[in-house]
Protein chains: 2
Amino acid sequence: MARKLGRRGGNIVTIHDVARHVGVSPMTVSRVINGEKNVREETRAKVMASVEALNYSPNLAARSLATQDSARIGLLYSNPSVAFLSEFLLGILSESSQSGAQLLIESCEGPEGATVALEKMKAGGCDGVILSPPLSDSTRVAKILKDMNLPFVGVAMARPDPTVSCVTIDDFKAAKAMTRRLIELGHRRIAFIKGHPNAYASQIRYDGFLAAMAKSGLEVEDNFVGQGYFTYRSGFDAAERLLSHKDKPTAIFASNDDMAAGAVAAAHRIGLDVPDQVTVVGYDDTAMASSVWPELTTVRQPISDMAGLAVRLLLDQIRAYRMGKPFEAVREVRDFSLIERQSSAAIPEA
Amino acid sequence: MARKLGRRGGNIVTIHDVARHVGVSPMTVSRVINGEKNVREETRAKVMASVEALNYSPNLAARSLATQDSARIGLLYSNPSVAFLSEFLLGILSESSQSGAQLLIESCEGPEGATVALEKMKAGGCDGVILSPPLSDSTRVAKILKDMNLPFVGVAMARPDPTVSCVTIDDFKAAKAMTRRLIELGHRRIAFIKGHPNAYASQIRYDGFLAAMAKSGLEVEDNFVGQGYFTYRSGFDAAERLLSHKDKPTAIFASNDDMAAGAVAAAHRIGLDVPDQVTVVGYDDTAMASSVWPELTTVRQPISDMAGLAVRLLLDQIRAYRMGKPFEAVREVRDFSLIERQSSAAIPEA
DNA sequence: TACCAGATTGGTAGCGCTAACAATAAAAAG
DNA sequence: CTTTTTATTGTTAGCGCTACCAATCTGGTA
């Protein structure tokens with residue numbers, strides 16, 4: 001009697017097949033593939049060989065059913081740079097599909113819409129939430145989640161809140177490093193475009209900039225600091241203003257890529273070459289940075305890795321929560337890096 | 001004896017709980033939540049009410065284990081506009097998590113790297129593949145997949161291949177509609193920037209443009225057609241050339257948003273205002289379109305929906321394949337729409 | 001030699017769900 | 001009013017995996 005057809009593309013290999021092939025019990029195979037100890041090295045090797053030979057790969061559905069370890073994780077994003085989003089999603093995706101977690105996705109307009117979105121997630125049986133910036137920085141959103149008693153992890157969060165788990169880079173150091181690099185290139189008249197005043201990250205990045213400038217004994221004139229809102233347009237406008245002074249800056253550090261791109265456009269518009277006449281650098285290394293011309297020198301955050309790590313942390317947290325363990329916030333700091341592309345150059349010989 | 005802790009955020013509600021609550025068998029509840037017929041209306045209502053009351057939501061792991069219907073679907077993308085990617089991912093994600101499908105993601109550099117990536121997927125137990133553009137248009141990639149005997153669905157595929165399943169918009173009509181719109185706005189001297197010569201979509205869009213022009217009896221001069229490569233830079237360069245003629249075009253239709261953004265930058269650089277002096281429109285409605293300033297008027301493809309639909313089609317196809325049914329290609333054509341933003345305007349009064 | 005701790009392996013049961021079939025109730029037919 | 005059909009519900013078993021506990025096998029120890 002023909003049973004069900006082969007599953008997963010003819011890959012009907014189950015743990016039992018492997019067990020039979022090796023001549024051990026399924027349990028032993030399970031131990032091996034889960035990396036448990038107390039398996040003789042010889043047995044382990046044989047099992048591994050069979051797994052390889054039969055091209056076995058465990059059925060995640062069965063596993064999560066058996067371990068009762070499945071989780072539904074929510075992904076809440078507002079409207080960050082969409083380029084940021086795709087890298088972010090990529091990270092979330094590859095990690096969560098590996099762990100068999102289910103995803104619920106909601107977007108919201110700023111922290112205001114968050115309540116609704118989170119209610120929806122909770123109703124959908126969500127076990128935990130991942131927050132993308134700028135939501136991750138919102139105390140309000142954090143409060144809602146705490147009230148809901150839902151574990152959550154923020155990504156790229158600048159606010160140093162010891163009660164919230166997150167994965168970040170050191171924005172202060174990164175901004176400082178980029179500024180130092182500009183100084184190394186000979187720039188002295190460096191302007192800065194701040195991000196949205198509500199975003200904590202804006203402040204931190206600005207502080208890093210100031211710190212580097214101060215350390216080199218450089219002054220930061222008031223009219224060399226522009227207020228932006230993380231949008232292309234705001235960068236454009238701010239740069240137009242900054243470049244209108246008679247004593248123009250030779251470099252502009254915009255605190256995200258969108259604004260940097262806007263700044264480049266503004267420079268071009270008034271006939272300034274980038275980077276020959278003015279250097280423009282950004283922050284984030286989103287797709288924007290490498291799609292614009294000239295491609296932007298920028299601070300790279302390993303967004304995808306960070307997002308993946310956030311998923312892992314969240315799952316740990318959910319597990320801990322289920323085991324009744326007390327909550328313990330974790331703060332993981334990843335390394336950033338400076339990406340030098342064509343929008344920056346040494347100061348033009350005066 | 002304490003059993004396992006509550007799962008899924010305390011949501012331990014199983015189908016049995018609902019069944020007990022209503023006073024029917026679990027099977028009946030199963031029937032209701034799966035929308036099967038042959039359930040009395042009254043019973044159905046009661047079950048629904050309980051589901052609501054208990055906030056039950058089915059355990060996908062258990063379901064896919066029981067139905068043997070789980071699938072691993074691969075997502076192969078090369079390096080399209082990253083902004084495109086995020087919408088694409090969003091669509092894939094929400095659909096596949098609903099259906100409990102597992103995702104494998106691989107990127108590759110053009111069709112060349114595809115073989116490796118696909119081998120990897122196959123080895124990973126992939127049951128089917130989703131192709132993002134421009135891979136979806138590659139006959140080579142299609143051939144590899146056919147040889148591997150893996151079901152696949154292409155997204156935004158312009159090549160009219162009756163042996164391949166895909167979800168698209170009508171690129172010809174879309175380009176034609178946009179061109180007509182420009183003509184409506186009074187433009188007569190309309191330039192076009194073509195996409196990468198290898199991409200079939202480039203040709204189709206160009207054909208649509210030509211058709212609309214011809215229909216209005218407008219001539220398309222050779223030097224009003226620029227060759228681009230779907231990159232910002234190529235759009236910039238092409239536009240610079242197009243705008244250097246003494247008899248400038250009053251509108252430029254770039255066949256994707258990146259190139260349109262480049263064209264805007266080129267116009268700005270030579271001191272032309274967009275849209276007051278020259279209208280620039282794009283194609284795709286990626287994030288690029290709305291992050292640049294002025295925001296681009298463009299052709300919108302419902303990327304997210306298309307991607308979601310592709311997942312559904314693929315799942316159907318995998319199911320059919322498993323049941324031994326003969327393969328049947330499906331071609332789903334979605335509606336596009338014209339999005340008018342700030343980069344287009346009526347022809348300037350001469 | 002008898003005994004025990006620890007290492008290693010196996011057996012049993014069940015996670016939550018649904019396919020397949022069995023059973024019953026209701027409706028239609030004879 | 002019995003028989004047949006049909007609509008509706010229930011029962012059983014098992015998807016593939018792992019938690020838990022029992023069994024066996026080591027290598028000492030007394």
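Quick caveat, the model's predicted, so the values are computed rather than measured. Lettering of chains follows the sequences in order, A, B, ..., and the numbering in each one begins at 1.
- Listed for the Thr28(A) side chain is no donor-acceptor partner under 3.5 Å among the backbone atoms of Val24(A).
- Distances from the side chain of Thr14(A) to the nucleotides dA19(D), dG16(D), dG10(D) place dG16(D) closest.
- When the P atom of dG16(C) is taken as reference, atom OH of Tyr56(B) falls 10 Å away, rounded to whole Å.
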Determine whether Leu315(B) and Ser99(B) satisfy the following criterion, side-chain contact (heavy atoms from CB on, under 4.5 Å), listing intermediate values before the conclusion.
CA-CA 9 Å; Leu315(B) 255 22; Ser99(B) 55; 3.4 Å; yes
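- Distance Arg319(B) CZ to dA19(C) P: 11 Å, rounded to the nearest Å.
- In the set dT8(C), dC17(C), dC17(D), dC17(C) carries the atom at the smallest distance from any side-chain atom of Ala62(B).
- The nearest whole Å value for the distance from the CD atom in Gln102(B) to the P atom in dC17(D) is 12 Å.
- Classification of Arg319(B) and Asp69(B) as a salt-bridged pair holds, one side-chain N sitting under 4.0 Å from a carboxylate O.
- Looking at which nucleotide of DNA chain D each of Arg40(B) and Val29(A) is closest to, the 5′-most match is held by Arg40(B).
- Looking at Tyr321(B) and Asp127(B), their side chains never bring a donor and an acceptor atom within 3.5 Å of each other.
- Distance Leu60(B) CG to dG16(C) P: 14 Å, rounded to the nearest Å.
- One can place CD1 of Ile15(B) at 5 Å from P of dT18(C), the figure rounded to the nearest angstrom.
- Arg63(A) has a side-chain polar atom (N or O) that falls below the 4.0 Å cut-off from OP1 or OP2 of dT18(D).
- Backbone-only engagement by Thr43(B) is indicated by non-hydrogen atom pairs under 4.0 Å involving sugar-phosphate atoms exclusively.
- In the set dG10(D), dA19(C), dG16(D), dG10(D) carries the atom at the smallest distance from any side-chain atom of Val24(B).
- When atom types are taken as modelled, the side chain of Ser165(A) and the backbone of Val330(A) share a donor-acceptor pair closer than 3.5 angstrom.
- In the set dT18(D), dC21(D), dC17(C), dC21(D) carries the atom at the smallest distance from any side-chain atom of Arg31(A).
- When the P atom of dA7(D) is taken as reference, atom CD of Glu42(B) falls 18 Å away, rounded to whole Å.
- Side-chain proximity of Thr28(A) to the nucleotides dC17(D), dT9(C), dG16(C) is greatest for dT9(C).
- In this structure, of dC15(C), dC17(C), dG16(D), it is dC15(C) that holds the atom nearest to the side chain of Gln68(A).
- The side chain of Asn59(A) approaches dC17(D) more closely than any other nucleotide in the set dT18(C), dC17(D), dT18(D).
- The side chain of Leu65(B) approaches dG16(D) more closely than any other nucleotide in the set dG16(D), dT9(D), dC17(C).
- Rounded to an integer number of Å, the gap from CD of Glu36(B) to C1' of dA20(C) is 12 Å.
- Side-chain nitrogen and oxygen atoms of Ser30(B) include at least one within less than 4.0 Å of the OP1 or OP2 phosphate oxygen of dT18(C).
- For Asn38(A) and Met27(A), each mapped to the nucleotide of DNA chain C holding its nearest heavy atom, the one lying further toward the 5' end belongs to Asn38(A).
- Heavy atoms from other residues, nucleotides or ligands lying under 6.0 Å from NZ of Lys143(A) number 12 at most.
- Residue Ile33(A) contributes atom CD1, which lies 9 Å from atom C1' of dT18(D) at whole-angstrom precision.
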